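In what follows, a single structure is set out as structure tokens and then discussed.
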Number of protein chains: 2
Amino acid sequence: MTTKNKILMASLKFFLVRGYENTTLSMIADAVNIKKPSIYYHFKSKEDLLFNSIYFILDNLEKQITHSITKSDNPKQQLESFFECILDFNSKLSLMIGNDFNAPINFITIFQLYSNRFCELSKRINEYYENISSILKDIIDQGQKKKLIKNTLDKEMTVIDIISRIEGLIALSTIYKSIDLNSIRNQLYENLWASISLENNSPKTKKFFNYGHINLGRKW
Amino acid sequence: MTTKNKILMASLKFFLVRGYENTTLSMIADAVNIKKPSIYYHFKSKEDLLFNSIYFILDNLEKQITHSITKSDNPKQQLESFFECILDFNSKLSLMIGNDFNAPINFITIFQLYSNRFCELSKRINEYYENISSILKDIIDQGQKKKLIKNTLDKEMTVIDIISRIEGLIALSTIYKSIDLNSIRNQLYENLWASISLENNSPKTKKFFNYGHINLGRKW
DNA sequence: GTCTATACAAGGATAGAC
DNA sequence: GTCTATCCTTGTATAGAC
């Protein structure tokens, strides 16, 4: 791993766990075992580090979502993959950055905080939502054609409903201590499917997907 | 309005819109038309301001949820009030603090950020979730007794499902620019009700509640 | 209760040697 | 590419006058 990547990964870690303002360049430098000014050889400012951290998250997440969807052409399974993929991405991110704080991380918070402050980030984050919305619309389309999903659904609204349920779940599980996300996520997906599908009794299949290794997505 | 309350309201505003670290005591002092050191006469530190801001939000929100629930003893309407109340609280908070930034606010983000950093806050925030969980459980109980809500529901999970849908919606609408929350909130509530109720066709009633004035809840 | 003046610390960033 | 030394700004907080 190059020094540049080490710096980026350390930044990502601190930004996710402590937030941007509570992360200092000294902390990052210490974590990478270099001195503060060396960071400036690789990145032009602290903001630059934030931007690259967020691009890293979004690039990888999009890649993994796209990949997980192609594993099946069954709309129900695709939707399940979509659902699981985002939840798993959050857990994996936590493992990947070596989260040795005992605070759970939530990658969405960082979007909320900085999308309104940095126009450049806002664009990219919105692009991400456009992308996953379009993926979901395609899945719903296919499901309707195959008579698996209700034809009466408002597509736009259903997309919002699905995304907000997933993100709400991640957010809530990091704030409210009494939630055991793993024990209910399958059931919550079944509820979601039941609410949009034409089936009467949705079978309760337990599936665990593995999305492979998280790669560095962006060229420098 | 006393100087103390003015300071608190200004802090709340900045904390919600800019976050804690990006809010300086000078900004607060300017907004209230006093000098920086005068703040220390009323509050012992910047942290003290953060704590009181969050208590203010939670005290008021709990009060309004409790109040909105008592307006009906029909579980469907109570659940709708609950749903609407939290969404409206977020909008009202935005109006109340005189949000002249063009960034939408989301009062839940602040919980996510500081519940893990300040043990005292974590306790209070968890207490809030325990409270609203218990309110929701009661509503579901009543609904089941009155044969309006499915008996097969896992109560714990349903509670999490409901809260995460509401909070996910608020969060998403502040990040993703293409969402018009007001045009879909009623439909989303109907979806929620449809997924837990025994009715086959849920009637589409449009209701707008007014939760009255937001009061200062905490004694100093 | 509010002010002026000021202490003190810390963070981002740059210059320039090696 | 990485370092030491240092600049500069800003933020929290306190002392003490009025």
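The structure presented is a predicted model; accordingly, all values stated were derived computationally and were not measured. Proteins come first, then strands; the chains are lettered A, B, ... in the order of their sequence lines, and each starts at number 1.
The aromatic rings of B:F107 and B:F111 stand perpendicular to each other, their planes meeting at an angle above 60°, with 30° marking the opposite boundary.
Here B:K35 does not reach the OP1 or OP2 of C:dT2: none of its side-chain N or O atoms lies under 4.0 Å away. Within the 4.0 Å cut-off from OP1 or OP2 of C:dG1, not a single side-chain nitrogen or oxygen of B:S38 is found. Checking the phosphate oxygens (OP1, OP2) of C:dA10, no side-chain nitrogen or oxygen of A:T24 falls inside 4.0 Å. For D:dG1, the OP1/OP2 oxygens have a side-chain nitrogen or oxygen of A:Y41 closer than 4.0 Å. Distances shown here put every side-chain N or O of B:T3 at or beyond 4.0 Å from the OP1 or OP2 atom of C:dG1.
Rounded to whole angstrom, the span from the CD1 atom of A:I39 across to the P atom of C:dG11 amounts to 12 Å. One atom, OH of B:Y40, and another, P of C:dG1, lie 19 Å apart when rounded to the nearest Å. Distance, B:L25 CG to C:dA7 P: 19 Å, rounded to whole Å. Between the CZ atom of A:F43 and the P atom of C:dT14 there is a distance of 16 Å, rounded to whole Å. Spacing between atom CG of B:D30 and atom P of D:dG11 amounts to 11 Å, rounded to whole angstrom units. Separating the CG atom of A:D48 from the P atom of C:dG12 is a distance of 14 Å, rounded to the nearest angstrom. As rounded to whole Å, 16 Å separates atom C1' of C:dG12 from atom CD of B:E21. Atom P of nucleotide C:dG11 and atom OH of A:Y20 are separated by 13 Å, given to the nearest angstrom.
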Handout entry: Test side chain to side chain donor-acceptor pair (under 3.5 Å) applied to B:E130 and A:S178, step by step
Key = CA-CA 9 Å; B:E130 299 289 355; A:S178 315; 3.2 Å; yes
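Note on A:T23: only backbone sugar-phosphate atoms sit closer than 4.0 angstrom, heavy atoms only; bases stay farther off.
Taking all atoms of both residues into account, the shortest heavy-atom contact from B:L49 to B:L8 is O-CD1, 4.2 Å.
With C:dG12, C:dC3, C:dT2 as the candidates, the nucleotide lying closest to the side chain of B:P37 is C:dC3. With D:dT2, D:dA13, C:dA13 as the choices, the nucleotide that has an atom nearest any side-chain atom of A:K46 turns out to be C:dA13. The B:K36 side chain lies nearest to D:dA13 when the options are D:dC3, D:dA13, C:dG1.
A distance-only check finds a donor-acceptor pair linking the side chain of A:Q78 to the backbone of A:S72 [under 3.5 Å]. Panel note: side chain B:K46, backbone B:T23; a donor-acceptor pair is recorded below 3.5 Å.
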